[in-house]
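Encoded as structure tokens, the structure appears first; notes follow it.
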Amino acid sequence: MLKKILWVLFILPVLIGGVVGGGYILFLWGEAGTEVQKIVHYKPALATKILDTKGRLIANLYENEFRIYAPFSEIPPKMIEALLAVEDTLFFEHNGINLDAIMRAFLKNLRHQKYSEGGSTLTQQLVKNMLLTREKTLDRKIKEIVLALKLEQKISKEAILERYLNQTFFGHGFYGVKTASLGYFKKPLKALTLKEIAMLMALPRAPSFYDPTKHLDFSLTRANSIIRRLFNLGWITSTEMQSALAQVPHVYRTTTTQNVAPYVVDEVVRTLGFLPDLKTGGYTIKLFIDLDYQNLAREALVRGYESALERLHENHDSTLNGAIVVTDTHTGHILAMVGGVDYTKSAFNRSTQAKRQFGSAIKPFIYQIAFEHGLSSASLIPDVARTFTTGGSRSWRPKNYNRKFSGLITLKKALVNSINLATINLVDTVGFDTIYEGLQGFGFSNLPKNMSISLGSFGISPLEASMQYSLFSNYGTLLEPTLISDVIDSQGQAKLLQATPPKPILTPAQAWLTLSILKEVVERGTGARARVPGMEVAGKTGTSNNYVDGWFCGFSPNLQAIVWFGRDDNSSIGRGMAGGIVAAPVFADFMRHALQINPALKRHFSIPQGVIVQKINGELYYSTQNVPLQDDLEQDDSTQPLLF
């Protein structure tokens with residue numbers, strides 16, 4: 001009787017525990033089908049890469065995990081072998097769990113009286129990393145086993161390996177083996193050596209400890225043990241082993257973001273903000289930016305900044321800053337964009353976000369309107385003082401930069417030398433409303449409705465100025481500056497981007513009337529410091545009141561560059577620091593170096609058809625058949641009109 005009682009007391013709990021445990025496992029099995037769907041339908045966060053026009057990496061964008069995806073077909077067979085050799089040799093033979101490994105781990109844990117080894121297969125590791133916590137409990141281990149068994153019923157072994165190698169953290173901020181390969185070795189997977197493969201496969205177990213950028217000796221030692229393991233398994237030859245053991249690969253300390261053009265990248269993010277998964281969707285964003293020109297533009301801007309600080313006797317704590325935007329004159333494609341002299345000190349993009357007074361850079365547009373209303377470059381305009389009433393008892397008495405007056409001068413001379421009073425009198429002659437409406441027709445906005453617009457008393461960004469000056473650099477057709485060429489999703493499908501079509505405003509011959517004068521602005525006027533040996537360039541300086549803003553807006557036959565300098569607190573740059581002093585040399589610096597790296601750039605402007613040239617008093621003047629030269633000046637009889 002006592003034996004029966006003892007049997008019941010011993011066996012009954014076991015039976016009850018077995019029933020309860022069995023029921024719990026059946027419950028987990030039923031739930032597992034739903035839980036593993038996250039792995040079955042694997043959609044990891046993928047980094048977006050931004051490329052320049054030549055396919056070079058500008059930056060990687062990501063939120064929490066920097067990952068570049070590699071399908072199974074892209075993963076080298078030797079990498080699979082190395083992974084299995086070190087983590088799960090019987091992977092292709094078990095059904096998700098390795099009972100022998102689990103038993104060995106159980107006995108080891110029992111011997112040490114603690115949880116020191118788990119005996120997990122790769123399938124179990126994947127389940128643990130994606131679906132479970134890292135707590136070391138029996139309950140978590142049971143769930144891991146059940147989910148691993150279920151997962152192996154749902155997807156293939158190859159699919160499990162693909163997910164494992166893309167999901168796993170490889171240290172240094174790299175998620176996925178392709179990311180790690182590019183990050184540590186700057187190589188695609190197919191180009192990796194056996195030693196490099198072994199170094200990567202050493203990382204999942206202890207990413208920080210085996211990080212080759214920090215602990216190269218530990219990384220190499222662990223890789224060598226993996227290589228010897230491959231040999232012992234018969235998966236590589238002795239020759240392969242000896243060659244791999246002797247190799248010491250070069251490891252790069254690359255950053256996860258790269259970002260060699262941060263102002264550009266910020267603008268891309270702002271432009272594509274409508275994509276909710278911009279940093280997780282694995283897009284490939286192709287830009288018109290050319291990193292060669294981008295580097296030249298940044299270096300020229302910094303040199304100009306250093307030169308200005310030297311003139312001002314200031315250090316790098318100065319509030320002075322600058323920006324430059326370079327575009328293709330024929331397409332409006334943005335080839336370079338630098339929004340400040342030091343992104344680490346200020347991420348504010350002055351090339352796109354700063355609205356600064358345009359100063360005399362507005363004048364070419366005013367003169368173009370005058371040409372369209374019957375005046376020519378040979379027409380005379382008075383350079384004399386005027387007083388304008390601005391309301392009530394207040395008055396405005398503009399002055400010339402040199403405080404002098406020239407009397408009657410040609411429109412050409414007035415623009416070449418950027419004479420304020422002549423320009424203001426020109427606006428008064430043509431009619432303020434005509435000038436105001438003409439500027440609006442050219443695309444200018446937020447213009448004050450008073451005579452101060454003659455001197456550019458309104459805000460405009462360098463990027464907007466880039467579009468406006470395309471009126472001349474593109475011979476009469478406005479081009480909206482375009483940064484992004486293509487946006488391609490992770491499936492290879494292109495996203496359609498809305499593009500603003502070119503807007504014809506003038507005929508090429510009409511645009512040439514002003515363009516030809518802008519050439520002389522550089523040759524012998526206020527833009528002389530923008531001259532480039534061996535290349536024709538045209539442009540206009542701009543300086544706002546009290547030297548607050550300094551501009552040079554210029555172009556060659558192929559390239560246009562808008563340069564701006566000013567202080568971030570809107571105070572004066574300093575007396576005498578006009579656009580021709582601070583901005584024009586940066587333009588010349590950039591163009592000279594651009595010509596060196598691309599000698600094929602066009603050197604001379606083409607004169608369009610319909611242009612008439614005449615020499616008057618020893619100077620060349622251009623006109624069109626619609627806007628003939630005025631009779632204000634005496635024509636040189638030795639030169640007959642030529643029609644282009």
Side-chain angles (χ1 to χ4, degrees), residues 56-57 66-94 98 101 120-123 125-126 157-256 258:
R56 294 171 293 190
L57 181 65
F66 175 34
R67 178 184 290 104
I68 302 172
Y69 198 82
F72 186 79
S73 59
E74 193 176 332
I75 300 169
K78 275 287 182 285
M79 181 170 284
I80 300 297
E81 292 176 354
L83 175 63
L84 300 188
V86 72
E87 293 290 347
D88 190 355
T89 309
L90 299 176
F91 175 75
F92 282 100
E93 298 175 28
H94 62 63
N98 185 334
S120 296
T121 63
L122 284 175
T123 311
Q125 292 180 41
L126 180 61
K157 291 283 189 179
E158 290 77 11
I160 291 171
L161 289 170
E162 179 179 318
R163 284 153 176 76
Y164 180 91
L165 287 170
N166 281 286
Q167 180 65 22
T168 299
F169 179 57
F170 284 85
H172 214 70
F174 304 139
Y175 285 83
V177 70
K178 184 174 182 177
T179 320
S181 176
L182 294 170
Y184 288 123
F185 303 117
K186 292 189 177 181
K187 289 182 178 181
L189 292 173
K190 65 181 180 180
L192 292 173
T193 66
L194 178 58
K195 186 60 161 285
E196 290 164 342
I197 287 173
M199 290 172 71
L200 291 180
M201 293 305 98
L203 286 163
R205 180 165 294 186
S208 180
F209 187 78
Y210 294 120
D211 184 342
T213 67
K214 300 175 182 176
H215 309 293
L216 181 59
D217 288 346
F218 295 158
S219 175
L220 292 173
T221 299
R222 176 64 174 161
N224 287 342
S225 69
I226 294 173
I227 291 166
R228 292 189 181 95
R229 169 72 172 160
L230 285 168
F231 173 73
N232 291 335
L233 290 170
W235 293 353
I236 60 172
T237 66
S238 177
T239 302
E240 288 175 312
M241 178 182 70
Q242 295 302 327
S243 175
L245 291 175
Q247 186 191 10
V248 180
H250 179 74
V251 179
Y252 294 87
R253 293 178 177 270
T254 54
T255 62
T256 54
Q258 178 86 10

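Everything numeric here is computed off the predicted structure, so don't read it as measured data. Keep in mind that the numbers below use all heavy atoms, side chains included, and drop hydrogens, waters and symmetry copies.
Partners of Leu182 according to the side-chain contact (heavy atoms from CB on, under 4.5 Å) rule, which considers only residues two or more places apart in sequence or in another chain, are Ile68, Lys178. By the salt bridge (charged side-chain N to carboxylate O under 4.0 Å, His left out) test, Arg56 is found to be paired with Asp52, Asp290, Asp292, residues two or more places apart in sequence or in another chain being considered. Annotation: ring-ring contact (aromatic ring centres under 6.0 Å, His included) contacts of Phe185 (sequence neighbours excluded): none. Residues satisfying the side chain to side chain donor-acceptor pair (under 3.5 Å) test with Asp211, not counting sequence neighbours, are His172, Thr213. By the salt bridge (charged side-chain N to carboxylate O under 4.0 Å, His left out) test, Lys187 is found to be paired with Glu196, residues two or more places apart in sequence or in another chain being considered.
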side-chain contact (heavy atoms from CB on, under 4.5 Å) evaluation trace for Phe92 with Glu158: CA-CA 9 Å; Phe92 282 100; Glu158 290 77 11; 3.9 Å; yes
Show your working on side-chain contact (heavy atoms from CB on, under 4.5 Å) between Leu84 and Met201 and close with a plain yes or no. CA-CA 9 Å; Leu84 300 188; Met201 293 305 98; over 6 Å; no
Apply side-chain contact (heavy atoms from CB on, under 4.5 Å) to residues Lys195 and Leu220 and explain how you reach the verdict. CA-CA 8 Å; Lys195 186 60 161 285; Leu220 292 173; 3.9 Å; yes
Passes side-chain contact (heavy atoms from CB on, under 4.5 Å), Leu200 versus Leu192? Steps please. CA-CA 10 Å; Leu200 291 180; Leu192 292 173; 3.7 Å; yes
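From Leu83, atom CG reaches atom CG of Leu161 across 6.5 Å, with rounding to the nearest 0.5 Å. The distance from atom NZ of Lys214 to atom OG of Ser219, rounded to the nearest 0.5 Å, is 13.0 Å. Interatomic distance, CG of Asp217 versus NE2 of His215, reported as 10.5 Å (0.5 Å rounding). Rounding to the nearest 0.5 Å gives a distance of 10.5 Å between OG1 of Thr121 and CD of Glu87. Taken from CD in Glu74 to CG in Leu165, the straight-line distance is 11.5 Å, to the nearest 0.5 Å. Here the straight-line distance linking atom CG of Asp88 with atom CD1 of Ile160 works out to 10.0 Å at 0.5 Å rounding.
Atom OH of Tyr69 sits in a crowded spot, with more than 12 heavy atoms from other residues, nucleotides or ligands closer than 6.0 Å.
The main-chain N or O of Leu90 is never found under 3.5 Å from a side-chain atom of Glu93 such that the two would form a donor-acceptor pair. For Ser181 (side chain) and Val177 (main-chain N/O), no donor-acceptor pair under 3.5 Å exists by modelled atom type. Although no hydrogens or angles enter the test, the distance criterion places a donor-acceptor pair under 3.5 Å between the side chain of Asn166 and the main chain of Ala70. Judged by distance alone, the side chain of Lys157 and the main-chain N or O of Phe91 form a donor-acceptor pair under 3.5 Å.
Classified by interplanar angle (parallel below 30°, tilted 30° to 60°, perpendicular above 60°), the ring pair Phe174/Tyr184 is perpendicular.
Of all heavy-atom pairs between Glu162 and Ile75, the closest is CA-CD1, 4.4 Å. Phe170 and Pro207 get closest at one heavy-atom pair: C-CB, 4.1 Å.
Contact annotation: the side chain of Met199 approaches that of Leu216 to within less than 4.5 Å [non-hydrogen atoms, C-beta and beyond]. Using a 4.5 Å heavy-atom cutoff, the side chains of Leu194 and Gln247 are not in contact.
Between Phe169 and Tyr175, the distance from one ring center to the other falls under 6.0 angstrom.
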In a table with atom names and distances, give each donor-acceptor pair under 3.5 Å that connects a side chain of residues 225-235 to protein atoms at least two apart or in another chain.
residue	atom	partner	partner atom	Å
Ser225	OG	Arg222	O	2.6
Arg229	NE	Ala85	O	3.0
Arg229	NH2	Thr89	OG1	2.8
Asn232	ND2	Arg228	O	3.3

